[in-house]
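Step one of this worksheet: look at the structure below.
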Amino acid sequence: MAIRLRGVMQSPVTPLKDDFSPDLPTFERVLDFHVRSGSPAISWPHHKGESLNLTIAERKRFAEAAVKVVAGRVPVTIHVSALAVEDTMELARHAQAIGADGILAITPYFWNPSLEAIHDYFVRLCTAIDLPVISYNSPSYLAGVEITGELMSRLIERLPNFVGVKEASFNSEKFIELSRAALALRPTFAMLTGVEYLLPSVPLGGVGSYSAAGSICPNLCNSLFDACVAGDWPLARELQYKLSRIWLLFRDQYPSSLKGGMVIMGRPVGPTRAPLPTATPERQAHIRAQLEELGIMDSEPHGW
Amino acid sequence: MADFELGLVHTPVTPFTRAGRVDFDVYGKLIEFHLRNGADALALPMHAGESVSLTEAERHALIEFAIKQVRGRVPVLAHVSDAGTGIAAAYARHAEAAGAAAVVATTPYYWTPPPAMVLEHFARIGAAVTIPFLVHHAPEEMAGTRITAELALKLMERAGNFAGVVDSSLDWQFMVELVDRARRPRPAFQLLPGVEYMVSAGAIGAKGAFSSLAAIAPGPVRRLYDLCGNDRLFEARGVQEEVAALLQILKKAGTAGLKGALRAMGRDCGDVRPPLRAIGEEEFGRLSEVLAALPALRSEPRGW
């Protein structure tokens, strides 16, 4: 059940044609770009990949493409969270059938489930498949629903394939609560953050993150991770501050802003599905000005 | 103000007699305990010192007493928060006249004013004094009213003595943005963690720290602070986890828990004032047992 989760792992956006239909050929280019620019793993579709705006059939088609195009160069995990838990189960079984290396799943949406319900949900998911499962904790987006340290301990004790967490609270207390509980029981457990907040998490046992900005500035992402692991804190601070500015630029209207930024970087991926807006030309011009000011146009790859 | 460096700031509780009066005899002993056990400065009466449950006369007397007791050995910071802007500004003026080295204030109690009025609140407190002025960001305690980096930058323009933010939000996104954006307009600006989660804050670039836990575990708190201050962040993880475990134990009962723990450590400072509820004897017994079994407290001082 080993899967190597380390470094800044990329979660591709989902390219769409102008009529908002799936653009699989461009998706293949995005995947290839991430692998070539040093991503140690691929995970799709995070919320950044508009997961909840895709049908289950579309998600399966893209997942199949991801596994096929990456072709074992790095591990591929599939994000299976859906509004209906039955769909999540179906996507998890599908991920296993197509040869994915693992799955990722957030605490259930909308219903404000109790801790017992979250426990039962992960038990059901983890015992339905033979793949490593990464949990996803995002209390600020899910009305405070979260995995506690105690729940984390119970899940690790019970489930051998419960191997990591995408911890997206961005909060010192919550990160330590989970890392203390998890690493005491399973030293190989992967403590990952949601966005590239590596500077505050690596000293506490964090081994990496998923990525918001990797389709814009993969070099900066990888340099920050290297600086943190080397304990070069003065350098890591400068890189984290820079990446924070980029995150604040894209956090506004995420992920349509990110798709707008990809146009600037010569990697257009089409519009964003409603109810999310699509980045207007004015918005793109603003993003271009900001990226130029940050020196990103000179230090990061342009085009595919 | 460029050389205004606070270091590790202890935030003492306020001792009460059985009759519920401020116990100045014990307060004197408590201040001496903090000074002997690693305090670079004192801030009082913070929420750990039940500031909100003290009358105006008591708050004045407490600050005057502490400054006299300390006799210039370390800086004494006065906590001047209140609901009304004018009242808080008056506390600040009193503190400066009494010889406080700096003042610290939260967002207003009870009200949730719009950002422009939060700015006004702080600007007027800052303008009331010539000594440095810190803002305490504690959204969870303060009905969700948040300080943003944007607001802090505007406050810099209004208040030349605005020296830093004491952060209890523990929010990485906020802390990184604040440190990054504040350093150009005000290079000496300080971020100080307001709770003893110092590793992430230190990684981000915090200087100094506020600690109420130092009343219970002054040794681990000091070690944690020194390791973080010297950028030995990986080494700091162990003691950070010990301190986090202690914080979790005490968190449930809040200030009453802190006072219960003080009693268990042989430094009885009396009970909390209403409307807080003191922990009962049964709960005290359980807490004492838990603390007695904690390795982190094994070599910590008992008694005064």
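Just so it is clear: chains get the letters A, B, ... in the order the sequence lines come, proteins before strands, and each one is counted from 1.
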Under 4.5 Å from any heavy atom of chain A - which part of B:Gln248: side chain
Atom group of A:Leu204 that falls short of 4.5 Å from chain B, counting heavy atoms: both
Side chain to side chain donor-acceptor pair (under 3.5 Å) partners for B:Glu235, two or more places apart: B:Arg232
A:Val202 portion near chain B, given a 4.5 angstrom heavy-atom threshold: both
Derivation and outcome, side-chain hydrogen bond (donor to acceptor under 3.5 Å, both in side chains), residues A:Ser169 and A:Glu167: CA-CA 6 Å; A:Ser169 70; A:Glu167 212 297 291; 2.8 Å; yes
Donor-acceptor side-chain pairing of A:His79 and A:Thr77 below 3.5 angstrom: no
Check ion pair B:Glu242-A:Arg180 (N to O, under 4.0 angstrom): no
Part of B:Val176 lying under 4.5 Å from any heavy atom of chain A: both
Worked verdict on A:Gln10 versus A:Ser211 for side-chain hydrogen bond (donor to acceptor under 3.5 Å, both in side chains): CA-CA 5 Å; A:Gln10 296 301 333; A:Ser211 176; 3.0 Å; yes
Structural part of B:Ala236 lying under 4.5 Å from a heavy atom of chain A: neither
Heavy-atom side-chain contact between A:Trp44 and A:Ser11 under 4.5 Å: no
Chain B contact via A:Leu183 - which portion, at a heavy-atom distance below 4.5 Å: side chain
Among the listed options B:Ile204, B:Asp171, B:Leu247, the residue most often paired with chain A at heavy-atom distances under 4.5 Å: B:Ile204
Under 4.5 Å from a heavy atom of chain B, the part of A:Thr193 involved: side chain
Between A:Ser43 and A:His46, a side-chain donor and acceptor under 3.5 Å: yes
Top contributor to chain B interface from A:Tyr197, A:Phe175, A:Trp247 [non-hydrogen pairs under 4.5 Å]: A:Tyr197
Carboxylate-amine/guanidinium proximity below 4.0 Å for B:Glu282 and B:Arg286: yes
Short N-O contact, B:Glu5 and B:Lys207, less than 4.0 angstrom: no
A:Leu239 side, atom CG; A:Leu198 side, atom CG - distance, nearest 0.5 Å: 10.5 Å
Region of A:Leu199 that comes under 4.5 Å of a non-hydrogen atom in chain B: both
Sidechain N-carboxylate O distance under 4.0 Å for A:Arg245, B:Glu177: no
Heavy-atom contacts under 4.5 Å, residues 229-238 of chain A to chain B: A:Val229, A:Gly231, A:Trp233, A:Pro234, A:Arg237, A:Glu238
Among the listed options A:Lys242, A:Arg251, A:Gln240, the residue most often paired with chain B at heavy-atom distances under 4.5 Å: A:Arg251
